Q: 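Take a look at the following structure, please.
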Number of protein chains: 2
Amino acid sequence: MSTAESTNGLPIGEAAPLFAALGDETRLRLLARLADRGPGSITDLCSGARVSRQSITKHLVVLEHAGLVRSRREGRERVCELAPGRLQEAHGYLDVISRQWDSALERLRFFVE
Amino acid sequence: MSTAESTNGLPIGEAAPLFAALGDETRLRLLARLADRGPGSITDLCSGARVSRQSITKHLVVLEHAGLVRSRREGRERVCELAPGRLQEAHGYLDVISRQWDSALERLRFFVE
DNA sequence: GTAATATGCACCCAGGAGGTTGCATATGAC
DNA sequence: GTCATATGCAACCTCCTGGGTGCATATTAC
């Protein structure tokens with residue numbers, strides 16, 4: 001009953017860019033920092049980073065575009081925070097694949113017996 | 001007690017390439033197919049794909065290098081199958097970040113009160 | 001032995017990603 | 001008003017990635 005094309009509300013064409021956004025060390029660091037210490041301005045997020053502020057800004061844009069982060073302007077600074085809903089979707093996507101794999105194994109076992 | 005640097009056994013420098021491997025539509029299709037219909041040869045996996053066999057081969061190499069797929073030679077063909085352990089690790093990684101986010105929210109709420 | 005099948009290998013190409021720098025602009029501090 | 005701070009924008013560079021082609025090689029089928 002499961003096609004390889006769509007999985008619980010998260011089409012393959014949408015899941016790929018989501019994982020791609022997670023597939024960069026600098027961005028994972030940003031997410032970990034946001035998750036660990038809560039919201040912060042761009043300058044906050046730059047402290048300790050090995051790359052320039054512009055680079056961080058671009059990564060934040062990628063994360064925001066992927067729905068993993070949202071930001072708002074506060075005075076002269078932009079405050080970013082984690083948007084965990086999208087993480088749950090990625091989470092669920094991996095679940096579906098694992099489950100398909102399990103049932104495929106089961107079918108295989110059935111054939112063998 | 002959680003640093004932003006490492007999360008339960010999956011260092012950030014290892015998680016990034018793992019997600020990067022998941023961040024491509026063609027590769028997600030391959031994984032979905034392997035999960036859904038079980039192991040298959042490269043030619044099997046090429047049927048229905050929009051890209052050349054060489055392209056599929058390269059994607060399989062990426063997946064195998066990321067630990068998501070393993071393959072063995074069988075006669076003149078190479079049979080690939082899903083290696084679900086790695087999926088679980090990615091799964092767990094997202095879990096950790098979500099959990100950190102939750103506790104960060106809780107700390108924040110504590111400060112406000 | 002010969003032909004067909006299934007891969008592997010080596011290049012080539014275009015486009016996008018990640019980084020940097022320099023300069024413009026908006027806001028808060030004094 | 002003036003200055004320092006926090007970003008936004010744009011141009012540029014380099015490298016990696018995804019895709020393609022042509023040809024060599026190994027196996028199985030006849």
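Within every chain, numbering begins at 1; the chains are lettered A, B, ... in the order of the sequence lines, protein sequences first and strands thereafter. Keep in mind the model is a prediction, meaning the values are calculated, not measured.
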Q: Give me the residues of residues 49-62 of chain B where at least one heavy atom lies under 4.0 Å from an atom of DNA chain D, by number, or none.
A: B/V51, B/S52, B/Q54, B/S55, B/K58, B/H59
Q: With sequence neighbours left out, which residue pairs that include part of residues 13-32 of chain A fulfil the ring-ring contact (aromatic ring centres under 6.0 Å, His included) condition?
A: A/F19-A/Y93
Q: Within a strict 4.5 Å, meaning less than it, do heavy atoms of the B/T43 and B/S47 side chains meet?
A: no
Q: Just by distance, do the side chain of A/R86 and the backbone of A/G67 share a donor-acceptor pair under 3.5 Å?
A: no
Q: Can you check the B/E77 CD to C/dG8 P distance for me, whole Å?
A: 11 Å
Q: Write down the distance between CD1 (A/I42) and P (C/dT27), rounded to a whole number of angstrom.
A: 15 Å
Q: Under a 4.5 Å cut-off applied to non-hydrogen side-chain atoms, are B/L34 and B/L45 in contact?
A: yes
Q: Would you say A/E25 and A/R29 make side-chain contact, with heavy atoms under 4.5 Å?
A: yes
Q: Quick check on the helix from C/dG1-D/dC30 to C/dC30-D/dG1: what's the angle between its two end axes, five base pairs per end, to the nearest 10°?
A: 30°
Q: Do A/L22 and A/L31 come close enough that some side-chain heavy atom pair is under 4.5 Å?
A: yes
Q: Please check: side-chain N/O of A/R33 versus main-chain N/O of A/D44, any donor-acceptor pairing under 3.5 Å?
A: yes
Q: Atom CD of A/E25 to atom C1' of C/dG19: distance rounded to whole Å?
A: 15 Å
Q: Which residues in residues 68-76 of chain A have a heavy atom closer than 4.0 Å to any atom of DNA chain C?
A: A/G75, A/R76
Q: Would you mind listing every ring-ring contact (aromatic ring centres under 6.0 Å, His included) that reaches into residues 65-84 of chain A, with sequence neighbours excluded?
A: none
Q: Expressed in angstrom and rounded to an integer, what is the separation of B/H65 atom NE2 from D/dT17 atom P?
A: 11 Å
Q: Taking CG from A/L22 and C1' from C/dA17, how many angstroms apart are they, rounded to a whole number?
A: 16 Å
Q: Any side-chain to backbone donor/acceptor pair from A/R107 onto B/D36? Under 3.5 Å, distance only.
A: yes
Q: Would you kindly give the CZ-to-C1' distance between B/R29 and D/dG18, to the nearest whole Å?
A: 15 Å
Q: Applying side chain to side chain donor-acceptor pair (under 3.5 Å), which residue pairs with at least one partner in residues 71-80 of chain A are found, sequence neighbours left out?
A: A/E64-A/S71, A/S71-A/R78, A/R72-A/E74
Q: Using modelled atom types only, decide if a donor and an acceptor are shared between the side chain of B/S55 and the backbone of B/V51 within a distance under 3.5 Å.
A: no
Q: Is the shortest side-chain N/O distance from B/T43 to OP1 or OP2 of C/dT5 below 4.0 Å?
A: no
